[in-house]
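Each remark here refers to the structure printed beneath this line.
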Amino acid sequence: MTEIQNTAQTIATTYDARKIENEIYKFWEDNKVFTADANSSKLPYSIVIPPPNVTGVLHMGHALDGTLQDILVRYHRMLGYEALWLPGCDHAGIATQNVIEKNLAKDGLTRHSLGKEKFLEKTWTWANEHKDRILEQFKLLGASFDMSRKRFTLDKGCCDAVKKVFVDLYNKGLIYKGSYIVNWCPRCQSAISDIETNYETQDGHLWEISYALKDEMGAIVIATTRPETMFGDVAVAVNPTDFKYKDLIGKYCVMPLTGRTIPIIADDYVDKSFGTGALKITPAHDPNDFEVGKRHNLEQIKVIDEKGCMMRNEYVPPQLQGLTREEARKKTVEMLELNQVLVRVTDHVHNVGKCQRCNTTIEPLLSTQWFVKMKPLAKPAIEAVKKGDIKFIPQRWEKNYLMWLENIRDWCISRQLWWGHQIPAYYKNDTGEMVVALENPDPANYTQDTDVLDTWFSSGLWPFETMGWPDVNAADFKKFYPTNTLVTGFDIIFFWVVRMITMGLEFTGKAPFSTVFIHGLIRDEHGQKMSKSKGNTIDPVDLIEKYGCDALRFTLTSLCTYGGQDIKISDEKFEYGRNFANKIWNASRFVLMNLTEKSYNLQLDLENLSLADKWILNELNNVIKIVNDNLKNYRIGEVAGILYEFFWNKYCSWYIELSKIEKNEKVLLYVLEKFLRLLHPIMPHITEAIWQKIPVQKNQIGILKCDYPQYCGNFVFEAESKQMEFVFESIKSLRNLRAEFNIPLGLKINIFIDNNEKLFKNISTYLSVLAKVSKVEYTKTADIAKSAVCVVEDTKIIVPLEDLIDIKQELVRQNKKLDKLDNEFKSIVSRLNNSNFVKNAPKEVIDKTNDRKLQIENEMLLVKDIIKKLS
RNA sequence: GGGCGUUUAGCUCAGUUGGUAGAGCGCUUCCCUUACAAGGAAGAUGUCGGGAGUUCGAGCCUCUCAACGCCCACCA
């Protein structure tokens, strides 16, 4: 009895995932094994995390995204790269400010009643408290973060980077300030960008309103979905080719309710067939009208304010002033009706812009904002993908990316919030003269712009601002930038990926990563997006508690497809990973329990390998090759499947079972150890835990630092593998036969074989244990009248059954088999008889078909022979 | 309006250069065989959405139709 056996026997039969996972993660942390060395001579491999919001709690999306990143990082670490996974958080401007404001509202406060200074103080306190929470949760996933490099988008380094980028872009003329129509959220009290606006289909109306012609009889009828904006009208537009209105172009009309006079103009933009063919132009409250207004040098009249209420000015009738947009619409319609200028109302379905953050209806509003000129920045970003400097996986996302960039519009980057990077523009207190600079030129006389930048402005710099940039000599920047792979969901390609690529190319001259690995979104079991309001969320922390982190990781990984399809999950699906973990645990327990001291090393004695040993080594070697190929090509789901299949159905079901009969401890251990390494990136804890228990001299602190297994020519045993497959087929056939004839397990059987005498002699002990065969005899003349027969390739396995056999049943069984063979035979023959097939098909295919034909022919002969003898 | 995706066993889905279909779950029968009942053995189940085409050969390529889903655009 050895010391190790004692140890192994104390291992519980059911895998206690949480206990072991916590121990193992602590072991890694205590030994600081995730800290990357910028001075290492190894090749770098780096990934920056898509920084989760400080407001966030871990959700399934993070779990998937984090697992995939961790797999890549751990794999490359084992391949011998200096691997860095850089963690951090995003300050998440609007999202965070909304959370704080909501908290204030509970106490009846607003940010304005609190004041900017106090509000920011409160927000910082909150952010500091929450900043580490989500990263701590990521650790529950087994994330091999380098926490020594943890970053936050509002830390000093990021602020410096943001300021430098802003100032440089401004000096290059790529940032400008101007009065344009923007998407305004009346609730957030801020401008938002185009992609932060979501459109929602709503039932509405189309109101047709009559505008009287000036100085003559008649009127022109316009159609609008937003009558309340009419007070900002500056023209009525018609299509220049519209016969109906040809004579009115250049004339004037008088607006109802206010009596203001506006011109009738012609513009191609107007669709003759929509509505009445006449369109009111409101440049201050509609993006299209804004463009029309610019073309015709029209005035811009603002009638709705930043809160979404009617303004108090000369254009808005007094009874409407101060009303909300919704109230004003109702009232305007009433007034129009009263004045008998409302010609017609029809139902009309249209799209309404909503704020991505708070779902408030967007007000297109004329406003002075900061913009980034995107066209010049987009050009190199397009090139980088077209040239292949950056590759998307799956590739189809490239099209999406290119189409968006090719049609890109300027990016509104200023937000009227308090929480974020304040814009580094300073205005002279007396003259208002503006200076854009890294620092305030003269704090006594200059005041900084109060706007802050879009959150995505700072996260767009993430891959290099976290590496020490703008100091281009920073060790991390030199070693780990550009990063290798960016892992994220498709939902933030435009928000984030595009910005990182454009900014990275502009400021570092290099693409920030070479591969963008896009995965699907996690959905609930019905395919619905998970959301708190729907109440269909699954909490990854709950899953980890219930099934274990490795189980969660394994299940998620196995559900990933190369096409990056969305992933539907339900609680029960994680039993798959948990069961696998338990299987690994118990198989390892078996191996460790059966190890004797002479096998306390991982060296194989290649001279003394059995058929089974060679088979499993050959299988392992193939798996090693396929797994490496797939990992390199981001086919990670495939890897999970291959490792599961190998371990469960090859190693456990056959090799361990065979080893109970005839054992090669060294091979048993060798294969297990290699398997643990192969699986480690996906299931890091259990593989580490078991590896630590293997009683051999180790030159690494943990499995995470071990080399990843590589294909080796010494372990190619194809012929032996084929033989083993034949053995398995034989055993399976005999088991099947036993089941069909209800032969109790306790009853051993004798068999006769008419071929492969030597092989069967060799494996008689296997047959004895695995198919309960007591005696194997070779004969060409067995009497099969009272026997059941299995035909396995070129061999008849004859099982004399005496009174256990029902001849009729056996005849049915054999005929069924013959039918099956005959079907395949016919199809093969018809193919081979087809001269075009023989002429056109490649030689290998024809050879293979011929081989198969011979094999089937042979089997059919054997089966026919049996049938003849039985009848 | 433009683009993309999906449609394969009862359910959830794989299927990588075209060579007569796979997994997990579920189901049926049997087994607590000393690693594992979160287990073991045996088994059943599919005109691969419809149609046409290319090909010796199509789940896979082309066209077309249908259903569902997503993204972009925003005719007021």
Side-chain angles (χ1 to χ4, degrees), chain A residues 8 11 13-15 194-195 199 206-207 222-226 229 237 269-271 273-276 278-282 286-289 348 350-353 394 396-397 399-400 403-404 407 490-491 493-494 520-521 525 527 529 547 551 555 558-559 561-570 572-573 575-576 578-594 629-630 633 635 637-638 641 644-645 652-653 656-657 660 732 735-740 742 744-746 769-770 772 823-824 827-828 830-832 834-842 844-846 848-849:
Chain A
I11 303 174
T13 59
T14 300
Y15 176 53
D194 294 338
I195 49 175
Y199 287 88
L206 196 60
W207 284 275
I222 57 93
T224 180
T225 55
R226 299 196 57 196
T229 63
Y269 165 70
V270 183
D271 180 350
S273 61
F274 188 90
T276 60
L279 170 64
K280 70 188 208 48
I281 300 298
T282 323
D286 182 283
N288 292 307
D289 292 8
H348 180 64
H350 61 144
N351 288 330
V352 177
R396 66 188 151 89
W397 291 109
K399 189 168 183 177
N400 220 271
M403 267 173 50
W404 196 72
N407 297 297
F490 58 80
D491 50 334
I493 291 178
F494 301 150
L521 264 34
E525 54 192 316
K529 228 174 178 170
Y547 299 106
T555 298
S558 71
L559 294 173
T561 63
Y562 185 65
Q565 302 304 331
D566 286 353
I567 296 168
K568 281 190 235 175
I569 61 163
S570 59
E572 312 84 64
K573 279 194 175 174
E575 289 174 6
Y576 179 62
R578 180 204 54 186
N579 293 355
F580 189 42
N582 198 51
K583 188 77 178 177
I584 295 166
W585 185 253
N586 281 295
S588 303
R589 216 161 57 83
F590 173 84
V591 173
L592 295 182
M593 280 194 301
N594 283 284
D629 287 350
N630 280 302
N633 291 302
R635 294 174 183 271
E638 201 93 335
Y644 181 94
E645 152 73 18
C652 291
S653 294
I656 284 187
E657 291 309 315
K660 290 175 184 172
K732 280 198 272 189
R735 283 171 170 175
N736 169 283
L737 188 147
R738 294 188 80 104
E740 289 217 19
N742 290 317
L745 268 175
V769 177
L770 299 176
K772 309 288 177 203
N823 273 339
E824 196 184 344
S827 126
I828 285 184
S830 84
R831 246 192 298 169
L832 286 169
N834 184 333
S835 58
N836 283 323
F837 173 71
V838 182
K839 203 164 62 192
N840 295 321
E844 311 93 76
V845 175
I846 294 175
K848 220 174 115 189
T849 313

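Each chain gets a letter, A, B and so on, in the order its sequence line appears, and its residues count up from 1.
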> Rounded to the nearest Å, what distance is computed from the CG atom of residue Asn407(A) to the C1' atom of nucleotide rC71(B)?
Replying inline: 14 Å
> Residues in salt bridge (charged side-chain N to carboxylate O under 4.0 Å, His left out) with Lys529(A), at least two apart?
Replying inline: none
>> Return a single string for nucleotides 1-11 of chain B, one symbol per nucleotide in 5' to 3' order, where B is base contact, S is sugar-phosphate-only contact and - is none, cutoff 4.0 angstrom on heavy atoms.
In response: --SSSS-----
>> Considering every strand and a 4.0 Å limit on heavy-atom distances, what is the contact class for Glu525(A): base, sugar-phosphate, or nothing?
In response: nothing
>> Is Lys732(A) close enough to rA41(B) that one of its side-chain N or O atoms is under 4.0 Å from OP1 or OP2 there?
In response: no
> In which stems does RNA chain B show up, taking only runs of three or more Watson-Crick or G-U wobble pairs whose two distances fall under 3.5 Å?
Replying inline: B:1-7 with B:66-72, B:10-13 with B:22-25, B:27-31 with B:39-43, B:49-53 with B:61-65
Listing time: all N or O pairs from protein to nucleotides 56-58 of chain B that are below 3.5 Å?
from	atom 1	to	atom 2	distance (Å)
rC56(B)	OP1	Asn840(A)	ND2	3.0
rC56(B)	O2'	Asn834(A)	ND2	2.8

> Between rA76(B), rU20(B), rA42(B), which nucleotide gets closest to the side-chain atoms of Ser827(A)?
Replying inline: rU20(B)
> Counting any heavy atom closer than 4.0 Å, what does Lys583(A) reach on the DNA or RNA strands: base, sugar-phosphate only, or nothing?
Replying inline: base
>> Any donor-acceptor pair, under 3.5 Å, between the side chain of Glu657(A) and the base of rA41(B), if you only look at N and O atoms?
In response: no
> Considering only side-chain heavy atoms of Arg635(A), which listed nucleotide, rC36(B), rU16(B), rC13(B), is closest?
Replying inline: rU16(B)
>> Could you check whether the side chain of Lys660(A) and the base of rA35(B) have a donor-acceptor pair of N or O atoms closer than 3.5 Å, going by distance alone?
In response: yes
> Is a donor-acceptor pair below 3.5 Å formed from side chain Arg735(A) to base rA42(B), judging by atom type as modelled?
Replying inline: no
> Distance-only, no hydrogens or angles: does the Asn633(A) side chain make a donor-acceptor pair with backbone N or O of Arg635(A) under 3.5 Å?
Replying inline: no
> Do Arg831(A)'s NZ or CZ and the ring of Phe837(A) fall within the cation-pi criteria of under 6.0 Å and 45°?
Replying inline: yes
> Which residues satisfy the side-chain contact (heavy atoms from CB on, under 4.5 Å) test with Glu824(A), sequence neighbours excluded?
Replying inline: Ile828(A), Arg852(A), Ile856(A)
Enumerate the protein-to-nucleotides 45-47 of chain B contacts in which both atoms are nitrogen or oxygen and the separation is below 3.5 Å.
none

>> Side chain of Phe490(A), heavy atoms from C-beta onward: which of rA35(B), rC70(B), rU20(B) has the nearest atom to it?
In response: rC70(B)
> Which residues pass the ring pair (Phe, Tyr, Trp, His ring centres under 6.0 Å) test with Tyr644(A), sequence neighbours left out?
Replying inline: Tyr576(A), Phe580(A), Trp648(A)
>> Run the side chain to side chain donor-acceptor pair (under 3.5 Å) test against Lys660(A) and tell me which residues pass, sequence neighbours left out.
In response: Glu657(A)
> Can you give one letter per nucleotide of nucleotides 21-32 of chain B, going 5' to 3': B for a protein heavy atom under 4.0 Å from the base, S for sugar-phosphate only, - for none?
Replying inline: ---S--------
>> Counting only side-chain nitrogens and oxygens, does His348(A) get under 4.0 Å of the OP1 or OP2 atom of rA76(B)?
In response: yes
> Is Asn736(A) near enough to rG43(B) that one of its side-chain N or O atoms lies under 4.0 angstrom from OP1 or OP2?
Replying inline: yes
> Is any side-chain N or O of Thr561(A) closer than 4.0 Å to OP1 or OP2 of rA14(B)?
Replying inline: yes
> For Asp194(A), what residues pass the salt bridge (charged side-chain N to carboxylate O under 4.0 Å, His left out) criterion, not counting sequence neighbours?
Replying inline: Arg409(A)
> Who passes ring pair (Phe, Tyr, Trp, His ring centres under 6.0 Å) against Phe274(A), sequence neighbours left out?
Replying inline: His348(A)
>> If the condition is side chain to side chain donor-acceptor pair (under 3.5 Å), which residues does Asp566(A) pass it with, not counting sequence neighbours?
In response: Arg523(A)
> Which residue, Tyr199(A) or Ala739(A), contacts RNA chain B at a nucleotide closer to its 5' end, judged by nearest heavy atom?
Replying inline: Ala739(A)
